[in-house]
Amino acid sequence: MRYFVAPIYKLATIIKKNEMFEQDINESFLLLLVEKEGIIDTSKIAINNHFESEKIELNRLCDGANDNIIEIINFINNSLKPKIDNKEFNYCKELDRPYQSVKVNIEVSTENILAKKNLIIANENFFGGSRNRYKLEVEFIELKKQIKDEVELWFKVFNIDFAYEKAKKVPNILVYSHRISGWSNPEYQITKNLKQQVKTNFGYGSVSYFYSLLTFKNIQITPLSEWIDYHQSDFSEVIRYTRSFRSRTPVYDSNNRIRFYKTEIENSYWHYAVEFTKNTANLSLVNEQEFVEKYIIRECEIMVNGLEMFSNENEFDFIDENQVNVEKEENTRKRIDIKGYELIDFRTEKIIGALDFIIKINEYNSIVPTKKYIQRILTLNRKFIPNVYQAFDNQNIEYKKAMNNHNSFILIHNQLIRKQNFYEAEKIRLKNEFNTIYGEKYNEFLQEMSKSLEELKHHNHKIKLHSDNVNKLLKYINKYKEIIKE
């Protein structure tokens, strides 16, 4: 690399944490997690501007509507090219937006700038200089704005890259914030007993994530309470992290109606992620018993108590997964009343599905006794499984009934299909005379066929519904048999 190397900053020069502003994380500074005399603390390190004089000159050159594009190109080649190498940065301008990177290529950029300048001149000549049809000044203002935005982004990515290198050289650094796109899963030894994985996938739109996964005494800490707190939970998702730092927010249309829910990850969320690790780490150091109580025992209690509640009640207060907000101390909850087959379906997912967590809870037993929670889950499953078998038998009956109704209906529907084939053949044979001969009868047929097609959809929907239910219940029955061998 040909650009200059920033000086290495000792911890003494790192700006104090009480000067931090969340919105400036990864803009003005990197947020750090550091170890200070056996205590885990937060701090920050400045993202210095290594292109201050160049930025002033860029602003001067890009001001106004005059055609000084060649002068700007010369400035880029003479002042920036010696300091900036061509490079592609995995840099997210917005952490939750897709397809982001910053490519710095001086030669390609200056060629594009010159081509745009020539196009402006060509358009001016083509329109004969008419200010009403083609405004030369406006085009040069827009071109210089584009140049300024692009070059300032170069400054930004190089400055934060310098800061990354500076942070890595801090002797007692544990974690530092970043805005790097793509999958990352580094592991940090926070204390003797506590490790952290900062799991990020920035720059991938709705599938972007920001997780913290803690491992205590080589046992992964899992948020078992999420199995209870959310209506829809997935085992493979819950075991991916200890805490998630992404929000889900509604996006409204012009009529104030919800269009969709957006995954939201802000640079400010690093504050919550680093604070979470700092607090959990210090708790484990100062009061290990309280740490175990909070992150293991309490989580097991919430899960098992919740499963027992699910087996007895049908109204529940769940966190609204579409309006989760990292910045709020408490998330929005909504009350759901579940009835009919949906209730047995829900209970099966939660109660039988909880068997997957037995291995995880058993791992905790090396830290604190947790076998009683496993026993409560097994007892609840043994009590509940007859309901699953009964639901399985009922859904099988409903599936067979739906198939019989479909088979009876399809005989009548096939008659209409044969009639449709007849009319299609007559259209070809009679051409313009078709409507004269069959007009009224054909219109009646079309109405009849439309109703029959709708009814066919209804039959197919019922078959699929009950077939899916049978297969899903069978999956849980097999899970039960595999784990509880009786």
Side-chain angles (χ1 to χ4, degrees), residues 20-28 31 89-103 142 145-146 149-150 152-153 156-157 160 177-185 198-213 223 225-276 315-338 342 346 349:
M20 294 189 300
F21 298 96
E22 293 170 19
Q23 65 269 23
D24 292 328
I25 297 173
N26 296 337
E27 294 286 348
S28 301
L31 183 60
F89 294 83
N90 291 330
Y91 174 91
C92 286
K93 288 176 275 188
E94 296 180 67
L95 302 187
D96 49 29
R97 293 289 297 276
Y99 315 120
Q100 297 182 82
S101 66
V102 177
K103 295 180 181 179
E142 177 59 29
K145 181 183 181 301
Q146 293 173 12
D149 289 346
E150 180 180 22
E152 286 185 344
L153 184 58
K156 205 168 187 179
V157 296
I160 198 169
S177 64
H178 68 80
R179 56 195 308 166
I180 299 169
S181 63
W183 180 84
S184 178
N185 193 29
V198 180
K199 305 174 74 172
T200 61
N201 188 34
F202 298 150
Y204 281 82
S206 61
V207 296
S208 299
Y209 59 75
F210 186 3
Y211 299 144
S212 176
L213 177 62
S225 58
E226 290 197 3
W227 194 249
I228 304 303
D229 285 336
Y230 292 91
H231 185 195
Q232 304 288 336
S233 301
D234 183 81
F235 171 78
S236 62
E237 182 76 8
V238 173
I239 63 171
R240 292 177 69 185
Y241 54 80
T242 304
R243 186 68 60 87
S244 174
F245 301 98
R246 61 175 178 176
S247 297
R248 291 271 293 172
T249 56
V251 176
Y252 298 89
D253 62 16
S254 57
N255 295 317
N256 205 34
R257 294 175 300 192
I258 295 175
R259 290 178 55 215
F260 60 90
Y261 291 91
K262 176 183 178 294
T263 295
E264 187 176 89
I265 302 174
E266 303 288 349
N267 282 295
S268 62
Y269 291 3
W270 276 102
H271 164 75
Y272 303 97
V274 170
E275 283 291 315
F276 170 71
E315 290 189 19
F316 313 103
D317 291 312
F318 293 115
I319 292 175
D320 186 350
E321 58 263 40
N322 285 320
Q323 300 199 55
V324 173
N325 193 324
V326 167
E327 296 167 309
K328 292 182 179 179
E329 291 187 8
E330 292 188 6
N331 287 300
T332 304
R333 286 183 179 262
K334 59 181 179 181
R335 192 162 187 80
I336 296 179
D337 183 5
I338 308 177
E342 286 186 10
F346 166 77
E349 281 188 2

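Please read these numbers as outputs of a predicted model, since none were measured by experiment. Residue indices begin at 1 and follow the sequence shown.
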Flag side-chain contact, heavy atom, 4.5 Å: Thr242 against Phe276
yes

Lys/Arg-Asp/Glu bridge criterion (N-O < 4.0 Å) met for Arg243, Glu226:
no

Aromatic plane relationship, Phe318 with Phe346 - under 30° parallel, 30 to 60° tilted, over 60° perpendicular:
perpendicular

If you define the side chain from C-beta out and look only at heavy atoms, does anything of Tyr241 sit under 4.5 Å from Pro223?
yes

Salt bridge check, Glu27 against Lys156: does any charged N sit closer than 4.0 Å to a carboxylate O?
yes

Can you list the residues that meet the side-chain contact (heavy atoms from CB on, under 4.5 Å) rule with Tyr204, with sequence neighbours excluded?
Asn201, Val207, Ser208

Are any of the side-chain heavy atoms of Tyr209 and Lys199 separated by less than 4.5 Å?
yes

Lys/Arg-Asp/Glu bridge criterion (N-O < 4.0 Å) met for Asp96, Arg246
no

For the residue pair Gln146 and Glu142, confirm or rule out a side-chain donor-acceptor distance under 3.5 Å.
yes

In a check of side chain to side chain donor-acceptor pair (under 3.5 Å) between Tyr269 and each of Ser177, Ser244, Ser247, which one passes?
Ser247

Using 30° and 60° as the class boundaries, would you call the ring planes of Phe210 and Trp270 parallel, tilted or perpendicular?
tilted

Thinking salt bridges, do Arg248 and Asp320 make one under a 4.0 Å N-O criterion?
no

